[in-house]
Amino acid sequence: MSTGLSYPPGPNGLPVVGNTLDLSRDVFEFYEQLRDEYGRIASYRVFGTDACMVAHPDAIQKILLDDHDAFEKGEVITRNLDDAMGEGLFLTEGDQWKSQRTHVQPAFYRQRLNTYVPEMRATATEMVEQWRDGTVLEVNDAMTETTMDVLGRTLFGVDVTDEPVVAEASDAILARFDTNRFWSFLPETIPTPTNRRYKRELERLRTFVDTLTAERRDQPPENRGDDLLSILVEFLEASDLTREELRDNMVTFLFAGHETTSLGLTYALLCLAQHPEEQERLCTEIDAVCDGRVTADDLAELEHTERVIDEALRLYPPVYMFFREATEDVELAGYDIPEGTTLVLPQWVVHRDSAWWDDPKAFRPDRFAADSGRPEYAYFPFGGGPRHCIGMRFARMEMKTVLATILSDYTFELVSDPNPDLIASSNLKPGDPIEIRLRERESSGAVNHD
Ligand code: HEM
């Protein structure tokens with residue numbers, strides 16, 4: 001039953017394709033213009049789908065937290081990901097989701113995460129030990145490799161660096177989201193090159209994941225450890241999880257936990273490279289807190305490092321927007337949202353909105369130092385409500401550990417474009433390489449490589 005209110009305003013667009021062309025030209029500009037012309041709740045159409053952008057913190061809070069039962073992930077997201085991870089935590093709904101979330105949660109308890117820190121530090125140290133004074137580093141590549149390595153070692157207890165299948169499959173899954181390519185809006189049944197590659201890589205990834213699982217099942221329980229894979233295997237054996245759910249969850253965690261964190265670090269380094277004074281503050285903090293190498297206990301004391309991460313995730317949110325679908329007619333900010341409407345929640349727009357942020361384009365970590373009085377959902381890099389990112393603490397710990405390890409030994413300056421092109425893919429990706437030149441710190445504990 002309709003709420004009797006009016007539908008949010010928006011542009012008319014072309015018949016059939018609606019606003020698809022504008023959207024595929026520049027997603028960021030499209031949503032910002034939509035807000036400027038029609039307001040923070042505004043409608044548009046993509047290939048016959050009725051969609052609304054929701055860029056007001058109060059309405060976002062209502063969707064994610066207060067009335068979360070009236071929304072689900074929806075067709076736009078399941079259409080692209082169902083094949084790969086339809087039975088995993090990211091996409092399931094209702095009791096199935098609840099049961100999985102409860103079962104998987106122990107892998108992300110603080111105590112458990114603390115035990116991952118030495119592995120995170122060791123991985124970062126191996127990376128830093130390859131560097132020299134004056135090295136020009138392609139940041140995104142380096143962070144991709146490191147975060148994949150960390151994920152493999154900590155959550156799955158395996159070295160994935162020798163397994164290109166993981167990186168390639170994750171790339172192929174993520175490539176299907178390139179909203180700057182018109183064909184990404186076509187269904188996956190149409191054999192575009194992206195779709196063919198996706199199917200091939202997904203099959204290879206599944207074989208890899210099945211082998212890993214079989215190997216773990218062959219081990220006696222007392223030798224298995226208590227990483228995520230072992231936890232999943234235990235629930236499979238207790239019949240709390242099907243084989244398909246286990247496999248889809250492995251793919252889910254590889255997909256959700258890898259590129260996001262790598263991009264978070266890449267953008268933090270991009271911002272820091274343009275702010276030597278912030279690097280200096282971090283060096284002072286890290287030298288004062290960490291005794292040569294960062295430990296789990298140190299992390300809570302790295303307060304300014306935390307603020308730098310917060311600010312980088314504000315300016316460059318790796319998840320720059322995500323979707324919900326209304327499962328019933330709902331009222332949102334005085335508008336009628338009919339059942340079936342696709343809702344887009346764009347971090348990119350809200351995190352850079354001058355209504356909530358002073359001088360929004362400036363990199364100013366100190367804005368997170370004091371209580372600002374801004375609405376809670378003016379900042380939501382990890383989503384919110386019951387379906388907030390389960391890996392948030394893991395990602396923050398990893399980012400802090402990697403930054404502290406780098407800045408213990410090196411400072412750096414930006415070599416590449418300070419305003420790189422950004423690609424609205426599955427995540428917010430740099431279109432060009434981000435490059436920094438490393439300078440060994442005089443007081444560094446770095447190994448002398450000469
Ligand atoms: C900077 C890094 C990360 C960012 C920005 C990020 C962002 C997000 C966001 C926005 C959501 C909510 C999506 C929605 O509500 O539709 C989410 C969910 C999720 N994230 Fe993350 N994430 C990050 C790292 C990680 C890591 C490291 C893992 C795992 C190791 C992970 C696993 C997941 C999973 C499984 C979900 C679905 C949770 C559920 O529905 O119950 N993420 N993430």
Side-chain angles (χ1 to χ4, degrees), residues 54 60-61 63-65 68 71-74 76-78 80-81 84-94 96-105 107-108 112-113 116 120 143-144 146-148 150-156 170 177 227-229 231-232 245 248-268 306 309-310 312-325 342-348 350-351 377 379-403 426-429:
V54 180
I60 292 168
Q61 173 166 337
I63 294 168
L64 295 181
L65 184 66
H68 66 89
F71 304 92
E72 57 184 28
K73 295 256 169 160
V76 171
I77 195 82
T78 49
N80 272 313
L81 291 178
M85 54 181 97
E87 295 295 309
L89 186 65
F90 200 86
L91 290 185
T92 47
E93 301 282 353
Q96 188 184 9
W97 167 78
K98 213 173 269 172
S99 159
Q100 288 192 10
R101 181 111 186 178
T102 312
H103 280 118
V104 165
Q105 196 73 55
F108 295 93
R112 184 81 201 89
L113 293 181
Y116 295 150
M120 290 172 174
M143 295 307 121
T144 302
T146 299
T147 50
M148 179 59 93
V150 166
L151 202 65
R153 288 194 200 189
T154 56
L155 294 187
F156 305 125
S170 141
F177 284 85
D227 58 17
L228 179 68
L229 176 56
I231 288 176
L232 292 172
E245 285 182 306
D248 282 13
N249 269 305
M250 293 286 284
V251 176
T252 296
F253 280 93
L254 284 170
F255 161 83
H258 165 227
E259 192 179 70
T260 43
T261 315
S262 148
L263 288 167
L265 275 165
T266 297
Y267 293 125
E306 180 94 30
I309 291 167
D310 286 340
L313 292 173
R314 180 188 70 81
L315 268 176
Y316 297 100
V319 177
Y320 59 96
M321 64 179 200
F322 61 88
F323 300 94
R324 283 295 185 271
E325 190 176 302
T342 295
L343 301 171
V344 172
L345 285 61
Q347 282 96 333
W348 174 270
V350 182
H351 287 189
Y377 279 78
Y379 184 68
F380 61 116
F382 294 97
R387 298 209 69 150
H388 74 272
C389 177
I390 197 169
M392 176 176 79
R393 210 178 271 158
F394 179 99
R396 285 182 171 284
M397 279 180 137
E398 180 176 353
M399 286 190 275
K400 264 192 191 173
T401 305
V402 172
L403 284 184
S426 51
N427 295 311
L428 183 69
K429 290 203 219 175

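Numbering of ligands and ligand atoms starts at 1, following listing order. Numbering starts at 1 and runs along the sequence shown. Computed over heavy atoms, backbone and side chain alike; hydrogens, waters and symmetry mates excluded.
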Q: Output all residues satisfying side-chain hydrogen bond (donor to acceptor under 3.5 Å, both in side chains) with Asp310, sequence neighbours left out; order by chain, then residue number.
A: Arg396

Q: Between Val54 and Val344, is there a side-chain heavy-atom distance shorter than 4.5 Å?
A: no

Q: Do any N or O atoms from the side chain of Lys73 and from the backbone of Phe90 form a donor-acceptor pair under 3.5 angstrom?
A: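 Answer holds: yes.
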
Q: Report the nearest protein non-hydrogen atom to atom 29 (C) of ligand 1: residue, atom name, distance rounded to 0.1 Å.
A: Phe253 CD2, 3.6 Å

Q: Using heavy atoms and a 4.0 Å limit, tell me yes or no: is Val104 in contact with ligand 1?
A: no

Q: Could you tell me whether the side chain of His258 and the main chain of Thr147 form a donor-acceptor pair under 3.5 Å?
A: no

Q: Quick one: does Thr252 get an N or O within less than 3.5 Å of an N or O on ligand 1?
A: no

Q: Under 4.0 Å from any heavy atom of Trp97, which atoms of ligand 1 are there?
A: 39 (C), 40 (O), 41 (O)

Q: Could you work out, for atom 13 (C) of ligand 1, the closest of Met321, Lys73, Glu398 by heavy-atom distance?
A: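 The residue whose heavy atom sits nearest atom 13 (C) of ligand 1 is Lys73.
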
Q: Under 4.0 Å between a side-chain nitrogen and a carboxylate oxygen: does that hold for Lys400 and Glu306?
A: yes

Q: Which atoms from ligand 1 have a heavy atom of Phe394 less than 4.0 Å away?
A: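 Answer for ligand 1: 27 (C).
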
Q: Which heavy atom of the protein is the closest neighbour of atom 15 (O) of ligand 1, given with residue, atom name and distance?
A: Arg324 NH2, 2.8 Å

Q: Charged N to carboxylate O under 4.0 angstrom, Glu93 versus Arg387?
A: yes

Q: Nearest protein heavy-atom contact for atom 37 (C) of ligand 1: which residue, which atom, what distance?
A: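 Of the protein heavy atoms, Phe90 CD1, 3.4 Å lies nearest.
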
Q: Any heavy atom of Phe380 closer to ligand 1 than 4.0 angstrom?
A: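 Flag not set, Phe380 not near ligand 1.
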
Q: Among all protein non-hydrogen atoms, which one is nearest to atom 12 (C) of ligand 1, and what is the separation to 0.1 Å?
A: Arg387 O, 3.9 Å

Q: At distances under 2.8 Å, what protein N, O or S atoms surround atom 21 (Fe) of ligand 1?
A: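 Cys389 SG, with waters left out.
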
Q: Among all protein heavy atoms, pick out the one at the shortest distance from atom 5 (C) of ligand 1; state its residue, atom name and that distance to 0.1 Å.
A: Pro381 O, 3.5 Å

Q: Identify, for atom 30 (C) of ligand 1, the protein heavy atom at the shortest distance, and state residue, atom and that distance.
A: Leu155 CD1, 3.5 Å

Q: Return the option from Arg101, Glu93, His68 holding the heavy atom at the smallest distance from atom 38 (C) of ligand 1.
A: Arg101

Q: Checking Arg314 side chain against His351 main chain: does a donor-acceptor pair fall under 3.5 Å?
A: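 Flag set: sc Arg314 to bb His351 pair under 3.5 Å.
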
